[in-house]
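Computed from a prediction, not measured in an experiment: that's the story for all the values here.
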Amino acid sequence: MTYCAGWKYANTVYLIADSAATKAASPNAPTSSFGEAHRQVRNEHVEESLLKLVPIGAGSAVAFAGDVQIAAQMIHFLKENLSHVDSGEKLLAQLTASLGPFDPVRPVELIIAITSQGAPAELIRWDSISCQSSADSDYYQIGSLASYHSALTPEFLARLLRGNVPSERVLPAITALVQSYGVHDNLIDQNIGGLIFGLFCTDGATH
């Protein structure tokens, strides 16, 4: 699995994701970029090797967790159809109708960020088990993070936002925090780790 999070702040949408991948094959390197030991976890191997943030259009991107092959098919559909709908939830409804039903033993979770000039930013969570989208929160996380860290990220983010931290400083702060999780604790056992990547979408542009 993985760990991804997304949040809205000042009509900007941010996404972060780890880069660990779970594979049958042995790792290509003994450790990640930050020194985490690549090792066998529940009869599979976990190593830093996969970017899970993908731009899907101008000012829009997706973070994914779960089956990589199925996720790639979904992301291709999102890229091809984003310009034909006027909301992310309609896009995900089309995804469900066109590609579903989905294999329950190969689940996928998505967090989608969509922005455009003069329109409210969208942050949407969707999963292939329920095929339901959620867009009523300013924060979502997906993946396999089950330790106390899953509560620490939104708590730290809330403190930043209460302090009116400038929007351009929010992503580096959260990325550094999440990167520290794997430095101080063995998150490889939760199929999480490697470099933490982030991006933000605002006013129809992705950075």
Side-chain angles (χ1 to χ4, degrees), residues 1-24 44 49-146 150 153-154 190-192 197-207:
M1 290 292 283
T2 190
Y3 174 65
C4 304
W7 65 93
K8 287 196 295 188
Y9 177 50
N11 210 40
T12 298
V13 188
Y14 303 80
L15 297 175
I16 60 168
D18 77 325
S19 55
T22 303
K23 305 176 178 180
E44 297 181 295
S49 63
L50 181 64
L51 182 61
K52 303 164 190 172
L53 300 178
V54 183
I56 57 172
S60 303
V62 61
F64 69 90
D67 187 281
V68 176
Q69 183 179 10
I70 301 297
Q73 295 171 3
M74 292 177 176
I75 292 168
H76 177 75
F77 181 91
L78 297 176
K79 288 181 177 180
E80 292 294 309
N81 292 277
L82 176 63
S83 62
H84 304 313
V85 296
D86 58 10
S87 77
E89 291 191 88
K90 289 181 181 178
L91 178 63
L92 288 165
Q94 286 189 5
L95 171 72
T96 300
S98 298
L99 302 186
F102 302 100
D103 188 342
V105 301
R106 301 175 68 187
V108 173
E109 297 175 281
L110 305 175
I111 301 176
I112 299 179
I114 299 177
T115 68
S116 59
Q117 286 279 0
E122 296 182 75
L123 176 68
I124 308 167
R125 182 198 176 280
W126 179 92
D127 70 86
S128 64
I129 299 298
S130 70
C131 291
Q132 298 295 313
S133 60
S134 302
D136 56 354
S137 176
D138 287 341
Y139 179 86
Y140 289 109
Q141 59 186 18
I142 58 176
S144 55
L145 187 63
S150 62
T153 307
Q190 297 185 52
N191 303 79
I192 298 165
F197 290 89
L199 59 79
F200 65 92
C201 301
T202 185
D203 293 330
T206 301
H207 307 272

- Task: Decide side-chain contact (heavy atoms from CB on, under 4.5 Å) for Asp67 and Asp103; before the verdict, give the C-alpha distance in whole Å, the side-chain angles of both, and the deciding distance to 0.1 Å.
- Result: CA-CA 10 Å; Asp67 187 281; Asp103 188 342; over 6 Å; no
- Take Ser134 and Trp126, measure what side-chain contact (heavy atoms from CB on, under 4.5 Å) needs, and give me the verdict at the end. CA-CA 6 Å; Ser134 302; Trp126 179 92; over 6 Å; no
- Message: Which residue is it: Gln190, Glu109, Lys52? I am looking for the one with a side chain to side chain donor-acceptor pair (under 3.5 Å) to Thr2.
- Response: Lys52
- With sequence neighbours excluded, residues passing side-chain hydrogen bond (donor to acceptor under 3.5 Å, both in side chains) with Thr206: none
- Quickly, which of Leu95, Leu92, Leu91 forms a side-chain contact (heavy atoms from CB on, under 4.5 Å) with Ser133? Name it, please. Leu92
- What are the two closest heavy atoms between Gln117 and Asp203, and how far apart are they? NE2-O, 3.5 Å
- Shortest non-hydrogen contact between Leu99 and Met74, atoms and distance: CD1-CA, 4.0 Å
- Do the side chain of Ser19 and the main chain of Leu50 share a donor and acceptor less than 3.5 angstrom apart? no
- Count the heavy atoms of every other residue, nucleotide or ligand shown that sit under 6.0 Å from NE2 of His207, and state whether that count exceeds 12. yes
- Query: Between Ala17 and Cys4, what is the shortest heavy-atom contact and its length?
  - Reply: CB-SG, 3.6 Å
- Residues two or more places apart in sequence or in another chain: which of them pass side chain to side chain contact (heavy atoms under 4.5 Å, CB included) with Gln73? Gln69, Ile70
- Item | Heavy-atom check, side chain of Phe64 versus side chain of Ile75, under 4.5 Å | yes
- Where do Thr115 and Cys201 come nearest, in terms of heavy atoms and distance? CG2-O, 3.4 Å
- Looking at residues at least two apart in the chain, or sitting in another chain, which of them share a side-chain hydrogen bond (donor to acceptor under 3.5 Å, both in side chains) with Ser83? none
- Which residues share a salt bridge (charged side-chain N to carboxylate O under 4.0 Å, His left out) with Asp138, sequence neighbours left out: Lys8
- Message: So, using side-chain hydrogen bond (donor to acceptor under 3.5 Å, both in side chains) as the criterion, who are the partners of Tyr140 when residues are at least two apart?
- Response: Asp136
- Start with the C-alpha gap between Trp7 and Ile16, add the side-chain angles, then the distance that decides, and say whether side-chain contact (heavy atoms from CB on, under 4.5 Å) holds. CA-CA 9 Å; Trp7 65 93; Ile16 60 168; 3.9 Å; yes
- Task: Could you grab the distance from atom CD1 of Ile114 to atom CD1 of Ile56, nearest 0.5 Å is fine?
- Result: 5.5 Å
- Item | Audit row: Ile111, Leu123, side-chain contact (heavy atoms from CB on, under 4.5 Å) steps and yes/no | CA-CA 7 Å; Ile111 301 176; Leu123 176 68; 3.5 Å; yes
- Note on the structure: Of all heavy-atom pairs linking Val13 and Ala113, the shortest is CG1-CB, 3.3 Å
- Message: Check the orientation of Phe200 and Tyr14. Use parallel for under 30°, tilted for 30 to 60°, and perpendicular for over 60°.
- Response: tilted
- Any sub-3.5 Å donor-acceptor pair from Glu122's side-chain atoms to Ala135's backbone N or O? no
- Output the distance between atom CD1 (Ile112) and atom OG (Ser60), rounded to the nearest 0.5 Å. 9.0 Å
- Task: Give a yes or no answer on whether the side chain of Asn81 reaches the backbone of His84 with a donor-acceptor pair at less than 3.5 Å.
- Result: no
- Establish, from distance only, whether the side-chain atoms of Asn191 and Thr22 form a donor-acceptor pair under 3.5 Å. yes
- Note on the structure: Between Ile142 and Ala63 the two heavy atoms that sit nearest each other are CD1-O, 4.0 Å
- Item | Counterpart residues, side-chain hydrogen bond (donor to acceptor under 3.5 Å, both in side chains), relative to Thr202 (two or more places apart) | Thr12
- Nearest 0.5 Å, what's the CZ-OG distance between Arg125 and Ser137? 11.0 Å
